[in-house]
Amino acid sequence: MLGAARIGIYPGTFDPITLGHLDIIRRGAKLVDQLIIGVTTNLSKNPMFTPEERMAMVTREVTAQGIENVSVVGFNALLMRFAERQGASVIVRGLRAVADFEYEYQMAGMNQQLNDQIETVFLMADVSLQPIASKLVKEIALFGGEVGDFVTPAVREDVVARVALMGQLGDY
């Protein structure tokens with residue numbers, strides 16, 4: 001008898017999606033039957049791209065990776081409610097550093113209080129990708145720096161085009 005499909009959620013703003021995110025997606029997809037990338041709104045992160053643009057970007061990048069058991073869904077709700085609606089039993093989170101662990105540990109504890117049937121699984125980012133953060137990619141790009149080592153070529157083009165619209169910052 002076959003059991004129910006194991007569904008995982010990898011939530012984030014993905015503004016923009018980085019090589020670190022793609023590493024966690026590739027590895028997280030191996031742990032579940034279906035991995036749902038939950039693209040959420042977090043206005044406190046000063047998004048560069050709209051939710052629709054981020055969803056399209058994530059979809060394009062996952063498709064380019066050839067990962068077939070991944071789908072992209074936008075949400076603007078409490079993570080555990082979103083996970084319940086999707087039928088998820090696992091939340092996948094990536095960790096880069098100790099600061100990430102402290103925050104994620106607290107979040108996992110709170111999420112467990114909300115629904116103890118959904119487990120949080122932490123994946124350590126590949127050592128070569130640990131310094132990468134969307135926030136830093138945006139900052140580097142806005143000040144005229146090269147971001148090609150942190151994102152795919154297509155995402156780099158998206159970021160460069162957006163900076164051209166927004167205007168570059170800095171004196172140099």
Does Phe122 reach the side chain of Val92, with side-chain heavy atoms less than 4.5 Å apart? no
Assigning hydrophobic clusters by single linkage (Ile, Leu, Val, Met, Phe, Trp, Tyr; side-chain heavy-atom cutoff under 4.5 Å), is Val39 placed with Leu35? yes
Minimum-distance pair of heavy atoms, taken over all atoms of Ser134 and Thr18: OG-CG2, 3.6 Å
Describe, in one word, how the ring planes of Phe75 and Phe82 are oriented to each other, choosing from parallel (under 30°), tilted (30 to 60°) and perpendicular (over 60°). parallel
Are Leu169 and Met48 connected in a single hydrophobic cluster, I mean Ile/Leu/Val/Met/Phe/Trp/Tyr linked by side-chain heavy atoms less than 4.5 Å apart? yes
Are the side chains of Ile9 and Leu79 in contact, using a 4.5 Å heavy-atom criterion? yes
So do Arg27 and Leu31 actually touch side chain to side chain, heavy atoms under 4.5 Å? no
Is a side-chain N or O of Glu146 found less than 3.5 angstrom from the main chain of Gly148, in a donor-acceptor match? yes
side-chain contact (heavy atoms from CB on, under 4.5 Å) between Val163 and Met166: does it pass, once the steps are laid out? CA-CA 5 Å; Val163 169; Met166 295 172 68; 5.5 Å; no
Hey, any chance Leu19 and Ile67 share a hydrophobic cluster, counting ILVMFWY side chains that come within less than 4.5 Å of each other, even indirectly? yes
Between Leu114 and Ile118, is there a shared hydrophobic cluster once you connect ILVMFWY residues whose side-chain heavy atoms come closer than 4.5 Å? yes
Atom CZ in Phe14, atom OG1 in Thr40: separation rounded to 0.5 Å? 10.0 Å
Phe49/Met57 under side-chain contact (heavy atoms from CB on, under 4.5 Å): CA gap, chis, key distance, verdict: CA-CA 10 Å; Phe49 298 96; Met57 192 183 302; 3.9 Å; yes
Please test Arg162 against Asp158 for salt bridge (Lys or Arg N to Asp or Glu O under 4.0 Å), starting from the C-alpha separation and ending with a verdict. CA-CA 6 Å; Arg162 185 52 47 97; Asp158 293 338; over 6 Å; no
Measure from the side-chain N and O atoms of Glu119 to the backbone N and O of Val90, and report whether any donor-acceptor pair falls under 3.5 Å. no
Distance col, row Glu104:CD vs Leu95:CG, nearest 0.5 angstrom, shows 6.0 Å
4.5 Å side-chain heavy-atom contact, Thr152 and Leu22: yes
Between Thr63 and Val70, is there a side-chain heavy-atom distance shorter than 4.5 Å? no
Taking atom types as modelled, is there a side-chain donor on Thr13 or Asp15 under 3.5 Å from an acceptor on the other? no
Please answer: with hydrophobic residues joined when any side-chain heavy atoms are less than 4.5 Å apart, are Val155 and Ile140 in the same cluster? yes
Distance (rounded to the nearest 0.5 Å) between Asn69 CG and Ile36 CD1: 10.5 Å
Pairwise distance OG1(Thr41) to CG(Asn76) - rounded to 0.5 angstrom: 4.5 Å
Could you tell me if the side chain of Ile17 sits less than 4.5 Å from the side chain of Val151, heavy atoms only? no
Are any side-chain N or O atoms of Asn115 and backbone N or O atoms of Met80, one a donor and one an acceptor, separated by less than 3.5 Å? no
Could you pull out all residues at least two apart from Arg85 that satisfy salt bridge (charged side-chain N to carboxylate O under 4.0 Å, His left out)? none
Looking at Pro11, is its backbone amide N or carbonyl O close enough to the side chain of Arg93 to form a donor-acceptor pair, meaning the two atoms are under 3.5 Å apart? yes
Strictly distance-based, threshold 3.5 Å: is any side-chain N or O of Arg54 a donor or acceptor partner for the main-chain N or O of Gly74? no
First locate atom CG of Leu129, then atom CZ of Arg96, and finally report the distance between them rounded to the nearest 0.5 Å. 11.0 Å
Heavy atoms only: give me the nearest Ile91-Ala83 pair and the separation to one decimal. CD1-CB, 3.8 Å
Please say which of Ile37, Val73, Val72, Thr50 ends up in a side-chain contact (heavy atoms from CB on, under 4.5 Å) with Met55. Val72
Taking the side chain as everything from C-beta on, heavy atoms only, tell me whether Pro16 gets closer than 4.5 Å to Lys138. yes
Rounded distance (nearest 0.5 Å) linking atom CD1 of Ile24 with atom CE of Met124: 9.0 Å
Could you tell me whether a side-chain N or O of Asp33 sits under 3.5 Å from a main-chain N or O of Arg6, the two making a donor and an acceptor? yes
Verdict with reasoning, Gln112 to Thr120, per side-chain contact (heavy atoms from CB on, under 4.5 Å): CA-CA 8 Å; Gln112 185 179 37; Thr120 299; over 6 Å; no
Within a radius of less than 6.0 Å around CD of Gln65, do more than 12 heavy atoms belonging to other residues, nucleotides or ligands occur? yes
Do Ser71 and Gln34 have side-chain atoms, one donor and one acceptor, less than 3.5 Å apart? yes
